[in-house]
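The next block holds one structure in the form of structure tokens; read it before the comments.
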Amino acid sequence: MAITAIKGFNDILPAESGRWQHIEQAARRVFELNGFSEIRVPIMEKTDLFCRSIGDATDIVEKEMYSFVDKGENSVTLRPEGTAGVMRAFIEHKLYAQDPVAKLYYLGPMFRYERPQKGRYRQFHQIGAEITGVHDPLADAQVLNMLVQFFREIGLDEPQLQVNSLGCPECRPAYRAALIEFLEKRVDALCEDCRRRLSTNPLRALDCKVPGCIEATAGAPSVLDSLCTGCDEHFSGVKRYLELTGTSYSINPRMVRGLDYYTRTTFEMVTTLLGSQSAVAAGGRYDGLISQLGGPAIPGIGFAMGVERVALLLGEKAFTRPPDLFMATLGSGERAFAFNLMHKLLQKGIRVEMDYEGKSLKSQMRRADKLGARYCAVIGESEVASGRAVFKRMADGGQVEAAMEVSEVLEILS
RNA sequence: GUGGCCAUGGUGAAGCGGUUAACACUUACGACUGUGACUCGUACAUUCGAGGGUUCAAUCCCCUCUGGCCACCCCA
């Protein structure tokens, strides 16, 4: 048996890479339009970075990280998400000293040791963006609007924006306590998982799909009712700005996030088309993260989207670049002639293809058709002698005779 | 970590105890010795994930292993 890829690690084959590029290019275009700059950070970090940011007790840190001890006996980890590394770089290079307001985006692979399933892989890719240094809900709204714009740009209007506020270290503990108290009274009605969640992550119980739990938690207290004044005003601001710009959203007070560093605003772009992997993009505010990592007390907000999930939503649509011209040749002398012409045309940015190994004319024509070439020219002895050839429009068979000169070919293709 | 389903060629797949292992797509070549698409012809799995077992006989039955998918958990 030949060696295969690691479980949960996928190859992006040529048939799919066009779709990936389409997604990545749209993200770069939209993000840069919004004033974001790319930041490239390593895919491995010291393990401690993730423990301190994501949270020691989260599933990600507890059981999903690809961690190992390197030859220098340092514990290192393949990044399970992007924000921690970006903020580490932000602090390490003191980017805040120049300007506390940074708008950064990144893209690349992330790693989580989970059981693979639809839309979930051990190596997966995220495109994310972060704004630091702005407390005002305008930053929240800008990030959300940009995310929505991205989805519109790639032609997906299906994912819906849901927002919530998780409060801050001031008001969240009280809510958590109230929720636990509420759930404990109904513990008999809860499923096994939710009983466990009671002690690990009570918020999760609100998100449970078991009918009995949905019923039992129907009257549970809402985070939004227990926000402190500051958080409440902030959340109102976010909603107000979204409404101002006509961005449609819904409020989901039961939305739960998996990372400990989130404060106040959290959000998801959700879809019903991906089975249980409903979140295509998600994020939130993390006002305490930067100082937690040893930086100044600077707030932040950002999101990450799962490229595999976006690609899945885009479906099978092909993103290919058919050649402008295919040159079919009849002998080795003609092949050399065509090769030289191809070289000149390529310098001009014309997409040209030809046969490399003396296939029959029929084969070459078939290939021109298969590649979706706009034009095909047959080059034989007489064409080389006269310097002129017939250019056939593959779509309708129309033919144009012209000199095999760069300028004339450009003319035909224009 | 838990559960369910499934493993036949490059792909989608039929076959379910003895077959030349269907059919379709793809690919290659050809049907005008210089023109694609449509049509037609020819070729393309000594072999049915791996290893054992049952049987005169196994792709079809049994066991083990490996792999994949989907769901739970969790998450982008």
Side-chain angles (χ1 to χ4, degrees), chain A residues 1-8 10 13 15 23 54 57-64 79-83 107-128 147 159 191-194 196-197 200-201 203-204 207-210 255-259 267-271 274-284 302-313 326-331 334 357 359-383 389-397 399:
Chain A
M1 189 55 170
I3 295 176
T4 57
I6 301 170
K7 185 194 197 76
N10 299 121
L13 301 177
I23 295 168
I54 298 169
T58 58
D59 274 31
I60 293 179
V61 171
E62 264 184 0
K63 46 195 193 197
E64 296 175 1
R79 63 183 183 192
E81 62 102 36
T83 303
L107 73 188
M110 307 292 162
F111 304 84
R112 261 122 95 159
Y113 192 88
E114 299 183 271
R115 195 80 160 252
Q117 69 189 69
K118 190 190 192 78
R120 193 174 73 187
Y121 311 97
R122 289 185 174 178
Q123 181 188 97
F124 60 103
H125 297 76
Q126 289 188 332
I127 303 179
L147 188 54
C191 71
E192 207 177 305
D193 281 329
C194 283
R196 178 177 49 77
R197 286 169 179 139
T200 57
N201 192 351
L203 285 280
R204 278 261 166 236
D207 198 35
C208 187
K209 288 142 203 133
V210 176
M255 189 169 80
V256 188
R257 307 272 60 248
L259 286 56
F267 53 90
E268 287 184 353
M269 293 294 290
V270 300
T271 176
L274 250 39
S276 57
Q277 261 55 247
S278 59
V280 209
F303 65 81
M305 65 181 140
V307 180
E308 283 82 356
R309 292 182 184 180
V310 174
L312 239 29
L313 287 177
F326 187 97
M327 293 186 292
T329 54
L330 297 173
E334 288 79 24
E357 43 193 352
K359 294 264 170 105
S360 70
L361 179 62
K362 182 170 205 74
S363 296
Q364 295 187 62
M365 290 301 292
R366 278 181 176 159
R367 182 161 180 78
D369 185 55
K370 198 182 79 169
L371 293 174
R374 280 173 65 208
Y375 280 87
C376 180
V378 178
I379 299 172
E381 224 176 309
S382 62
E383 281 80 7
V390 169
F391 293 80
K392 180 175 183 176
R393 217 179 304 120
M394 298 299 277
D396 60 10
Q399 305 201 339

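Just the heavy atoms: all of them, side chains too, but no hydrogens, waters or symmetry mates, feed the values below.
A salt bridge between A/Arg366 and A/Asp369 is absent, with no side-chain N of the basic residue lying under 4.0 Å from a carboxylate O of the acidic one. A salt bridge does not link A/Glu114 with A/Arg122: every distance from a Lys NZ or Arg NE/NH1/NH2 to an Asp or Glu carboxylate oxygen is 4.0 Å or more. A salt bridge does not link A/Glu308 with A/Arg120: every distance from a Lys NZ or Arg NE/NH1/NH2 to an Asp or Glu carboxylate oxygen is 4.0 Å or more.
Note that CE of A/Met305 is 9.5 Å distant from CE of A/Met269, once rounded to the nearest 0.5 Å.
Rounded to an integer number of Å, the gap from CD of A/Glu357 to C1' of B/U27 is 14 Å. Whole-Å rounding puts the A/Tyr375 OH to B/U35 C1' distance at 16 Å. One interatomic measurement links the two molecules: CD of A/Glu114 to C1' of B/U2, which rounds to 15 Å at whole-angstrom precision. The distance from atom CG of A/Asp369 to atom P of B/G36 is 10 Å, rounded to the nearest whole Å. The distance from atom NZ of A/Lys118 to atom P of B/C72 is 13 Å, rounded to the nearest whole Å. Atom CZ of A/Arg196 is separated from atom C1' of B/U2 by 11 Å (rounded to the nearest Å). Rounded to whole Å, the distance from CD on A/Glu192 to P on B/G3 is 13 Å. Taking atom CG of residue A/Leu361 and atom P of nucleotide B/U33, one finds them 12 Å apart after rounding to whole Å.
Residue A/Arg366 places its side chain closer to B/G30 than to any other of B/G3, B/G30, B/A76. Side-chain atoms of A/Arg120 lie closest to B/A76 of the nucleotides B/G34, B/A76, B/G30. Here the nucleotide nearest the side chain of A/Lys359, chosen from B/G34, B/U27, B/C29, is B/C29. Side-chain proximity of A/Glu64 to the nucleotides B/C74, B/U35, B/G34 is greatest for B/C74. With B/G36, B/C74, B/A76 as the candidates, the nucleotide lying closest to the side chain of A/Gln126 is B/A76. In the set B/G34, B/G1, B/U35, the nucleotide with an atom closest to the side chain of A/Gln399 is B/U35.
Within the 4.0 angstrom heavy-atom criterion, no nucleotide atom of any strand lies near A/Gly283. Within the 4.0 angstrom heavy-atom criterion, no nucleotide atom of any strand lies near A/Gly128. Among the protein residues, A/Glu383 comes within range of the nucleic acid bases, having at least one heavy atom under 4.0 Å from a base atom. Nucleic acid contact for A/Leu259: sugar-phosphate only, since backbone atoms but no base atoms lie under 4.0 Å from a heavy atom of the residue. In this structure, A/Ala281 reaches the sugar-phosphate backbone alone: every heavy-atom distance under 4.0 Å involves primed, P, OP1 or OP2 atoms, never a base. No engagement by A/Phe391 is indicated, since no non-hydrogen atom pair under 4.0 Å with the nucleic acid exists.
The minimum heavy-atom distance between A/Leu147 and A/Ala281, with the atom names listed, is CD1-CB, 4.1 Å. Between A/Phe124 and A/Pro80, the shortest heavy-atom distance links the atoms CZ-O, 3.8 Å. When every heavy atom of A/Val390 is checked against every heavy atom of A/Gln399, the shortest pair comes out as CG1-OE1, 3.2 Å. Between A/Gly380 and A/Leu330, the closest heavy-atom pair is CA-CD1, 3.7 Å.
Remark: the separation of the P atoms in B/U55 and B/G1 is 38 Å, to the nearest Å. When the C1' atom is compared between B/G4 and B/A37, the two are found 46 Å apart, to the nearest whole Å. Here, B/C25 and B/G18 have their C1' atoms 31 Å apart, quoted to the whole Å. Using atom C1' as the reference point in both B/U11 and B/G30, the two lie 24 Å apart (nearest Å). One C1' atom belongs to B/C32, the other to B/U26, and the distance between them is 26 Å to the nearest Å. Comparing the P positions of B/C38 and B/A24 gives an interatomic distance of 15 Å, to the nearest angstrom. Separation of the C1' atoms belonging to B/A13 and B/A22 is 10 Å when rounded to the nearest angstrom. Taking atom C1' in both B/C23 and B/C63, the straight-line distance is 34 Å, to the nearest Å.
In this structure, B/G49 and B/C65 make a Watson-Crick or G-U wobble pair, each of the two defining distances being under 3.5 angstrom.
A/Gln117 has a side-chain polar atom (N or O) that falls below the 4.0 Å cut-off from OP1 or OP2 of B/C72. Between A/Ser382 and B/G34, a side-chain N or O to OP1/OP2 separation shorter than 4.0 Å is absent. Phosphate contact (OP1/OP2 of B/G68, side-chain N/O of A/Lys7, threshold under 4.0 Å): present. A close approach under 4.0 Å does occur between a side-chain nitrogen or oxygen of A/Ser363 and OP1 or OP2 of B/C29. Between A/Arg197 and B/C73 there is a side-chain N or O to OP1 or OP2 distance below 4.0 Å. Distances shorter than 4.0 Å separate none of the side-chain N or O atoms of A/Lys362 from OP1 or OP2 on B/G30.
Along RNA chain B, the nucleotide nearest A/Arg257 and the nucleotide nearest A/Ile379 are compared for position; the residue whose nucleotide lies closer to the 5' end is A/Ile379. Nearest-nucleotide assignment on RNA chain B puts the 5′-proximal partner with A/Tyr113, out of A/Tyr113 and A/Val280.
Contact of A/Glu62 with B/G1 (side chain to base): no donor-acceptor pair of N or O atoms is detected under 3.5 Å. For A/Arg112 against B/C74, a side-chain-to-base donor-acceptor contact under 3.5 Å is absent.
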